[in-house]
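Since the structure is predicted, the reported quantities are computational estimates derived from the model, not experimental observations.
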Amino acid sequence: MAMPLESPISFTNVGKIRWWQRGIFASQTGYVLLALAVLLVIMHFASPYFFTQGNMQNVAKNFSFIAIATLGVTFVIITGGIDLSVGSMMCFSAMITSMVMTELSAPGSPLVHMAADGKSVLANVPGLILLVSILAGLGAALIAGLVNGFCIAVLGLSPFVTTLGMLSIVRGLGYVVSNGRGSFPGGPDADYFYALTSGDVLGVPAPFIYLVILALTMAVVLHHTSFGRHVFALGGNEKAAELTGIPVVRVKIEVYVICALAAGLQGIIISGWLGSAPANMAMSYELNVIAAAVIGGANLAGGIGGPLGAIVGCVLLEVIRNGLVLAQVSSYWQQTLVGVIIILAVLVDRVRSRMT
């Protein structure tokens, strides 16, 4: 005898994704993008000068001055670490670059070999002094990044304490090598230096172009390479990552080196815009850099972050700063607003996580 078929069991609460878990609302970056869009609309009506071509170029250039370093810090934050030395690293790399550029161009320098025409040998090759100087600045950042990574990954020191110490060490070395004075890029390649750091291509600021290239590279590395998967795995669960065979020590050292190199490059670019590398350059920039990364969605606990969020966080901070200037509001309010936005960003992410 045929048995009657029972009606299939269905679970109405399984498989449904609520609206705050889909699309743009699936991450903190989406909420920040939404807030940025609202802010842009407000600024459009608040000031007729905000969306002018000149102001848009200023916004693109200014947020690029911290965004490249923010990309580097995001790598570190994804692993669950922190780097407080980025501001000092910017200054030190910029100072080394400027000082080497000037030193290699000086006829009386012991490092310079003079050619028959009275010029230094390096000066006879256009751009060579610039290349050597930039490599020297990035080399200084590389060494600092290696020291950070070694202390944290090999010696097991706290990232907060280690990079806080490096902040003081690098800043102090900057004062030592310059005697507390700023350094100025000089020599036959100075024009090339300024063109590369503060010039533009078809009206687009050069720093913004560098940022786009580096952000796209970071996106490919994080999402399409084994190194990127290791970085996320490290931030998700370091012990589990180690048990699965991921080279935890090597990955940790590499992310701190990447962060240091990004900060060094950022400092070199800023010095070209300023026309010098003062000893107090990029003072407290580490706060803005880390704030931009956190606002953009990087989780200080690790495992979450990316280039889009880093850039969105930087844009939001710059739009606020620019808007305050256009509205003739004291710039001292900027830090207050940044703190409020950080707390709100973390609060929204926490509420969204609890609703998941």
> Holding to side chain to side chain donor-acceptor pair (under 3.5 Å), I want the full list of residues that pass it with Asn280, two or more places apart in sequence or in another chain.
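If we apply the side chain to side chain donor-acceptor pair (under 3.5 Å) test to Asn280, skipping adjacent residues, there are no hits.
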> Report the residues that fulfil side chain to side chain donor-acceptor pair (under 3.5 Å) with Glu238, sequence neighbours left out, ordered by chain and then residue number.
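Applying side chain to side chain donor-acceptor pair (under 3.5 Å) to Glu238 gives Lys252.
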> Side chains of Leu131 and Asp189: does their closest heavy-atom pair fall under 4.5 Å?
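No; the side chains remain at least 4.5 Å from each other.
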> Classify the side-chain pair Asn322/Asn62 by whether it contains a donor and acceptor separated by less than 3.5 Å.
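Asn62 and Asn322 do not have a side-chain donor-acceptor pair below 3.5 Å.
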> Which pair of non-hydrogen atoms, one from Ser93 and one from Ile268, has the smallest distance, and what is that distance?
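Scanning both residues, the minimum pair turns out to be O-CG1, 4.1 Å.
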> Looking at every heavy atom in both Leu167 and Ser85, which two are closest together, and how far apart are they?
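Residues Leu167 and Ser85, closest heavy atoms: N-CB, 3.6 Å.
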> Run the salt bridge (charged side-chain N to carboxylate O under 4.0 Å, His left out) test against Arg229 and tell me which residues pass, sequence neighbours left out.
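Testing Arg229 for salt bridge (charged side-chain N to carboxylate O under 4.0 Å, His left out), a comparison that skips the adjacent residues, returns none.
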> Using the test salt bridge (charged side-chain N to carboxylate O under 4.0 Å, His left out), find all partners of Arg171 that sit at least two apart in sequence or belong to another chain.
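Arg171 satisfies salt bridge (charged side-chain N to carboxylate O under 4.0 Å, His left out) with no other residue.
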> Using the ring of each side chain (for Trp, its six-membered ring), is Phe65 parallel, tilted or perpendicular to Trp273, with breaks at 30° and 60°?
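Phe65 vs Trp273 ring planes: tilted.
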> For Leu173, give me all partners under side-chain contact (heavy atoms from CB on, under 4.5 Å), at least two apart in sequence or on another chain.
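Phe92, Ile169.
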> Between Asn55 and Tyr49, which heavy-atom pair has the shortest distance, and what is it?
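Closest approach of Asn55 to Tyr49, heavy atoms only: CB-O, 3.4 Å.
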> Under the side-chain contact (heavy atoms from CB on, under 4.5 Å) rule, collect the residues that match up with Leu344, sequence neighbours excluded.
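So Leu344 forms a side-chain contact (heavy atoms from CB on, under 4.5 Å) with Val340.
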